[in-house]
Amino acid sequence: MNYYALIYHLVDDYLTRRGQFREEHLKLAKELNQKNELVLAGAFSDPPDKALLIFKVHDKSVIEDFIKKDPYVKNGLIAKWEIRPWTVVIGN
């Protein structure tokens with residue numbers, strides 16, 4: 001299993017627009033969390049310009065599939081995103 005960081009770069013009006021898509025976004029995230037594929041997820045708050053999701057999966061195709069389904073991406077709340085392999089040195 002490999003760790004990956006998914007970094008979302010949020011649009012300026014993300015906080016005002018996310019409400020109608022939040023339930024579906026969280027449902028997708030919780031499904032992956034229950035499968036132990038999405039370890040941690042959340043947005044930075046000061047400023048609210050990015051979000052970080054940490055995955056533990058065999059390959060990044062799971063993350064790419066999440067991105068394709070994510071209503072935040074599909075509805076333009078994410079200006080850009082990047083998947084980065086993450087080498088864990090301390091922790092499980």
Side-chain angles (χ1 to χ4, degrees):
M1 293 290 240
N2 302 302
Y3 284 97
Y4 293 91
L6 170 59
I7 304 162
Y8 275 169
H9 298 260
L10 310 175
V11 296
D12 290 338
D13 60 350
Y14 163 81
L15 290 176
T16 58
R17 293 177 50 204
R18 74 176 177 177
Q20 62 184 318
F21 310 111
R22 189 166 171 78
E23 186 177 329
E24 183 183 350
H25 168 79
L26 292 176
K27 180 180 180 272
L28 290 170
K30 287 176 183 177
E31 288 171 0
L32 291 177
N33 178 255
Q34 289 172 348
K35 296 195 293 189
N36 295 316
E37 294 177 328
L38 178 56
V39 180
L40 297 166
F44 294 105
S45 58
D46 192 14
D49 61 345
K50 293 182 182 84
L52 176 64
L53 297 87
I54 303 295
F55 290 83
K56 186 177 180 183
V57 293
H58 287 292
D59 63 69
K60 64 182 182 176
S61 65
V62 171
I63 305 164
E64 293 166 338
D65 187 54
F66 171 79
I67 293 166
K68 288 176 190 171
K69 295 176 182 176
D70 189 352
Y72 286 0
V73 174
K74 293 189 323 188
N75 291 284
L77 278 71
I78 308 303
K80 69 177 186 171
W81 52 267
E82 56 185 303
I83 299 171
R84 302 278 309 265
W86 188 41
T87 303
V88 175
V89 177
I90 297 173
N92 296 328

Q: Identify, with sequence neighbours excluded, every residue that meets side chain to side chain contact (heavy atoms under 4.5 Å, CB included) alongside Leu15.
A: Arg18, Pro48
Q) Can you check side-chain contact (heavy atoms from CB on, under 4.5 Å) on Ile78 and Leu10, steps first, answer last? A) CA-CA 5 Å; Ile78 308 303; Leu10 310 175; 3.6 Å; yes
Q: Apply ring-ring contact (aromatic ring centres under 6.0 Å, His included) to Tyr4 and list each qualifying residue two or more places apart in sequence or on a separate chain.
A: none
Q | Listed partners of Lys27 passing side chain to side chain donor-acceptor pair (under 3.5 Å), at least two apart | A | Glu31
Q) What pairs with Pro71 under side chain to side chain contact (heavy atoms under 4.5 Å, CB included), at least two apart in sequence or on another chain? A) Phe21, Glu24, His25, Leu28, Asn75
Q | Any residue meeting side chain to side chain contact (heavy atoms under 4.5 Å, CB included) with Ala29, in chain and number order, not counting sequence neighbours | A | Leu38, Phe66
Q.
Test of understanding: with side chain to side chain donor-acceptor pair (under 3.5 Å), list the residues that count as partners of Glu82, not counting sequence neighbours.
A. His9
Q.
Can you tell me how far apart CG (Leu53) and CG (Asn33) are? Round to the nearest 0.5 Å.
A. 10.5 Å
Q. Taking only residues two or more places apart in sequence or in another chain, which ones pass side chain to side chain donor-acceptor pair (under 3.5 Å) with Arg17?
A. Asp13
Q: Show which residues join Ile90 in its hydrophobic cluster (side-chain heavy-atom contacts under 4.5 Å, direct or indirect), or state none.
A: Val89
Q) In Å and rounded to the nearest 0.5 Å, what is the CG to CZ distance from Asn36 to Phe55? A) 13.0 Å
Q: List in chain and number order the residues that pass salt bridge (charged side-chain N to carboxylate O under 4.0 Å, His left out) with Lys30, two or more places apart in sequence or in another chain; answer none if no residue qualifies.
A: none
Q | For Tyr14, the option from Tyr72, Phe44, Tyr8 that meets ring pair (Phe, Tyr, Trp, His ring centres under 6.0 Å) | A | Tyr72
Q. Roughly how far apart are Ile63 CD1 and Leu6 CG, rounded to 0.5 Å?
A. 6.5 Å
**Q.** Residue pairs, two or more places apart or on separate chains, that pass salt bridge (charged side-chain N to carboxylate O under 4.0 Å, His left out) and touch residues 39-54
**A.** none
Q) Closest approach of Ala79 and Val11, non-hydrogen atoms and distance? A) N-CG1, 3.9 Å
Q. Rounded to the nearest 0.5 Å, what separation is found between the CG atom of Asp70 and the CH2 atom of Trp81?
A. 11.0 Å
Q.
Listing request: all side-chain hydrogen bond (donor to acceptor under 3.5 Å, both in side chains) pairs with a residue in residues 53-68, at least two apart in sequence or in separate chains.
A. Asp59-Ser61, Asp65-Lys69
**Q.** Qualifying residues under side chain to side chain contact (heavy atoms under 4.5 Å, CB included), relative to Val62, sequence neighbours excluded
**A.** Leu32, Glu37, Val57
